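Below is one structure, written out as C-alpha cells, with a few remarks after it.
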Number of protein chains: 2
Amino acid sequence: MRKRVTIRDVADRAEVGVGTVSRVLNGHPKVSDNTRQRIKSVIADLDYHPHFAARHMRTANSQTFGFITDQIATTPYAVKLIQGAQDAAFQNDMLLLIINTEGNPALEADAVKLMLERHVEGIIFATMYPRIVTLPPAIHQLPAVLLDCMVADGALPSVVPDEYGGGYLATRTLIENGHERIAFINLHQESLAAKGRLRGYRAALRDHGLSNGDRYLRQGTDWADSGYQQAYDLMRLATPPTAIFCGTDRIAMGVYDALKEMNRRIPDDISVIGFDNQEIIAAYLRPPLSTMEVPFYMMGRFAIEYLLSGSDEKIQKQMACPFIERESVRTI
Amino acid sequence: MRKRVTIRDVADRAEVGVGTVSRVLNGHPKVSDNTRQRIKSVIADLDYHPHFAARHMRTANSQTFGFITDQIATTPYAVKLIQGAQDAAFQNDMLLLIINTEGNPALEADAVKLMLERHVEGIIFATMYPRIVTLPPAIHQLPAVLLDCMVADGALPSVVPDEYGGGYLATRTLIENGHERIAFINLHQESLAAKGRLRGYRAALRDHGLSNGDRYLRQGTDWADSGYQQAYDLMRLATPPTAIFCGTDRIAMGVYDALKEMNRRIPDDISVIGFDNQEIIAAYLRPPLSTMEVPFYMMGRFAIEYLLSGSDEKIQKQMACPFIERESVRTI
DNA sequence: CTGTTAGCGCATTCAT
DNA sequence: ATGAATGCGCTAACAG
C-alpha cells in the first residue's frame, strides 16, 4: 500500500498546474494535444487514480445508488433483480451500495441513514415478493424507486411484475393449445402475486367463454406438497382437467410427482404450466417445464434507468411476464 | 432535496465551535454532558447527517469493501456468499460495493480500478464455482481475499469449501448407517469440486475397508439427466448399491425420477444423499433430500472477518460442509 | 473542556 | 491554453 499519488504529483511531474491535469481528467476540450498527451503518459507512469471522495465532495456527485433489500438477497429469484440494477448502473458509471435488512425496520432506518450520509443519488428498495411496504420516512429525502413492492398511498414510484397479465397469458396459451378444462393451483392466497395470477386466470377463461365457476380452481400453499395433493384431487374428478396451471414452479414439482405416480404422462396425457421460471427447477424437471417468467432482470434495469432519467413522476410500472416454452404443454 | 446542513450549521445553532460538534459525533470523551446533550438535540432538530465523503477524505477511511464477482450473483447458491459478507461487514460499520463482471477480464480490470478510486479498504473476489483464477495485477495494491477460488501461486488468501471433507462425510454417514455398497455419481470431472468430492468418497470407503475398485462410481454432468441415466445403470447391476451419493442436488433430482420409475422407494429401498443443499430442490423433493451443505454464508462472513482482522497471512481456508439431514437416508 | 485553524484532493472560477 | 487561488465538509492538532 504505497503512498497515494495525487493530482499535485502528476502536475509537478508533467510541469503543469493542477488545473490542467484536472481538465484532461475530465475531458475538457481546451487543452493542447501536446500537454494532454504528456499528462496522460505521466498519469499512466505514476499509476495515478483520482481520489473519488475528493471529487465527490467537490462535485456533490457520488455516482452511487443505494440498493436496500428486505431479504431478497436470500432468494434465488431475485438475484436477478440486483443484477439487472447492477448492470444498468455500471453502464452509466454508477455503483451500487447494497444493504440487506432482513425486513428489520430498525435496520431499514439505519440503512437509509447510511445511504443519506453517503449521498447516494437515489435509493432502490426491493422486496422478496410483491407486497405493500411501510418505509422509513427519511427515504423521501431522496429519489427512490420500489422494486417488487409498493407503498399504500402510491407516493413512491414502483415497478412490479404484471401478475395479472402472466396469469392471463398462461391460461390463454393453454386455451390456444386446445385445452378447455384448465385447472389452476394457486399459491397462498394472501399474496399479491396470487391475487393477480388468479384474476388473470379467470379473465382469460371468461374472455374465451370457458368460465366454469372455479370448478378447477384449487388453493395451494407455494410448496410442492400442495401441488402433489391438489393434483391428486383434480385428477380424481369425474371429468378431470386436461391442463394444470400452477401458481409456482414448486407447485408444479409436486404436480409432476403426483402425475407420475398416477401414470399420467406429461404432456401427452396432461399439460402443465408453471410460474416463476426458476431455472433450477423448471429446466431440470422431466420433461422440462413450460412456465411464466417474472422479468426480474429487466425490473432491476428499469428501476435504475428510471432513477437515471431524473423523472419525478410516480409511475407504477407493471412489467410483462413472458411465456417460456419448454416441453410440458401439448396441443390437443 | 433541501439544502444540506453542515457541521457549521449545527455548531452555530448550538453556539459552540465545529470542533466540539465533531467530538460528540465521534464519541470523544472530553465533552461536558451539558453541551453534548445540547448538540445532540440540535443534530436531531436539524436532521443533520455528517457528509461521508468529507470524513473519508479527512480520515482516509472509506468504510467500504469491494466485492467483485464473476457471475456468482446469477446463481442461486452464492447469494449467500454475498449475504454473509454483507452481514459481517454491516455489523462492523462497513458497506459493500458490489460489481459483477460476468467473467469479462476487461470489466474485472475496470472494477478493480473503480474500487481503487473509491479507496475501498479491501477487495473480495468471488467466483461462481471453485476454480483457479487470474486477476488484474492491480488487485495486489489492496488487501484482498478470494472466495470460492484461488490463484495458482497461492499469493492471495482464499476461502473455499472443503469438498474433500464433504465427500468424506457424506460417504461416512452412509457407512455409519450400515451401507456397504455405496455409489457415487459425480459431477463433471474437470471441476475442483468434483475432484475433491471424489477423493473424499474414495478415502472414506478405504478407511472403512470398503474399497471396491470404483465399481459404483459413475461420471455425471451436473444435470438431472445424467443422474437419471446413471441411476438406471446402477440399479441394473447384479448387486446394485443400497445408497447413492450424488455429486449435486440436481443429479439427485434425476436419480429420484429414475428410482421412482423403477418403483424403488426412497429411503426404504435405497438411500440418497445430495450435495449443495439447494433448498429449492432439496427441501421440496419427495421425500426431502438429505444433502451436504456448502457453507456459503459462513464463507462470506469469514472473508470479511479476515479482511477486518488486518492479517496479511496468505491463509488458504477450507470450510467444512455439514451434513443436512432430511429424509432420504435410512439405516439398514 | 472548548474554540480556531490547517489541510485532505479535487474542480472550478478568475486571471493571464 | 493554462496557472493560481478558493472552498466543498470534516477531523485533528494546537491553544487556551
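Note that the structure is predicted; figures quoted are calculated from it, not measured. Letters A, B, ... mirror the listed sequences (proteins, then strands); counts begin at 1. Quick note: numbers below take in every heavy atom, side chains included, and nothing from hydrogens, waters or symmetry partners.
Residue-level contact check: A:Thr59 touches the backbone only, with heavy atoms under 4.0 Å from sugar-phosphate atoms and none from bases. Within 4.0 Å of A:Val21, counting heavy atoms only, lies no atom of the nucleic acid at all. The residue A:Glu117 sits apart from the nucleic acid: no heavy atom pair falls under 4.0 Å. Nucleic acid contact class of B:Tyr48 (heavy atoms, under 4.0 Å, all strands): sugar-phosphate only. Among the protein residues, B:Ser32 comes within range of the sugar-phosphate backbone only, with heavy atoms under 4.0 Å from sugar or phosphate atoms but none that close to a base.
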### Message
Under the criterion side-chain contact (heavy atoms from CB on, under 4.5 Å), I'd like the reasoning laid out for A:Phe65 against A:Val120: C-alpha separation, chi angles, the key distance, then a yes or no.
### Response
CA-CA 5 Å; A:Phe65 287 128; A:Val120 298; 5.6 Å; no
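Rounded to whole angstrom, the span from the NE2 atom of B:His56 across to the P atom of C:dG9 amounts to 10 Å. Counting to the nearest Å, the C1' atom of C:dG7 and the CE atom of B:Met57 are 9 Å from each other. For A:Lys30 and C:dT16, the NZ to C1' distance is 14 Å, given to the nearest whole Å. Straight-line distance from the CG atom of B:Asp33 to the P atom of C:dC1: 9 Å, rounded to whole Å. Atoms CD1 (B:Ile39) and C1' (C:dC1) sit 11 Å apart, rounded to a whole Å. Rounded to a whole Å, the CG atom of A:Asn61 is 20 Å from the P atom of C:dG9. Note: CZ (A:Phe52) to P (C:dA11) measures 11 Å, nearest angstrom. A straight line from CD of B:Gln63 to P of D:dC10 spans 14 Å, rounded to a whole angstrom.
Residues B:Ile315 and B:Phe302 meet the side-chain proximity criterion, which asks for heavy atoms closer than 4.5 Å. Residues B:Arg118 and A:Thr64 are in side-chain contact: their nearest non-hydrogen atoms beyond the backbone lie under 4.5 Å apart.
Toward the 5' end of DNA chain C, the nearer of the two residues B:Ala54 and A:Arg58, judged by each one's closest nucleotide, is B:Ala54.
Distance from the side chain of A:Ile7 is smallest for C:dC10 among the nucleotides D:dG3, D:dC10, C:dC10. In the set C:dC10, D:dG9, C:dT2, D:dG9 carries the atom at the smallest distance from any side-chain atom of B:His51. Candidate nucleotides C:dT2, D:dC10, C:dT4 were compared by shortest atom distance to the side chain of B:Pro50, and D:dC10 ranks first. With C:dA11, C:dC10, D:dT2 as the candidates, the nucleotide lying closest to the side chain of A:Asn26 is C:dA11.
Distances shorter than 4.0 Å separate some side-chain N or O of A:Ser22 from OP1 or OP2 on C:dA11. Regarding contacts with the backbone of C:dC1, every side-chain N or O of B:Thr20 stays at 4.0 angstrom or more from both OP1 and OP2.
Side chains of B:Glu121 and B:Asn61: a donor-acceptor N/O pair is present below 3.5 angstrom, by distance only.
B:Thr59 contributes a side-chain N or O that, together with a main-chain N or O of B:Arg55, makes up a donor-acceptor pair within less than 3.5 Å.
For the helix from C:dC1-D:dG16 to C:dT16-D:dA1, the angle separating the two terminal helix axes comes to 40°, with each axis derived from five pairs and the value rounded to 10°.
Shown are A:Glu305, A:Gln86, A:Arg301; of these, the side chain to side chain donor-acceptor pair (under 3.5 Å) with A:Gln91 is made only by A:Arg301.
The local environment of NZ in A:Lys113 is sparse, with at most 12 non-hydrogen atoms from other residues, nucleotides or ligands closer than 6.0 Å. Atom CD of B:Glu15 has 12 or fewer heavy atoms from other residues, nucleotides or ligands within 6.0 Å.
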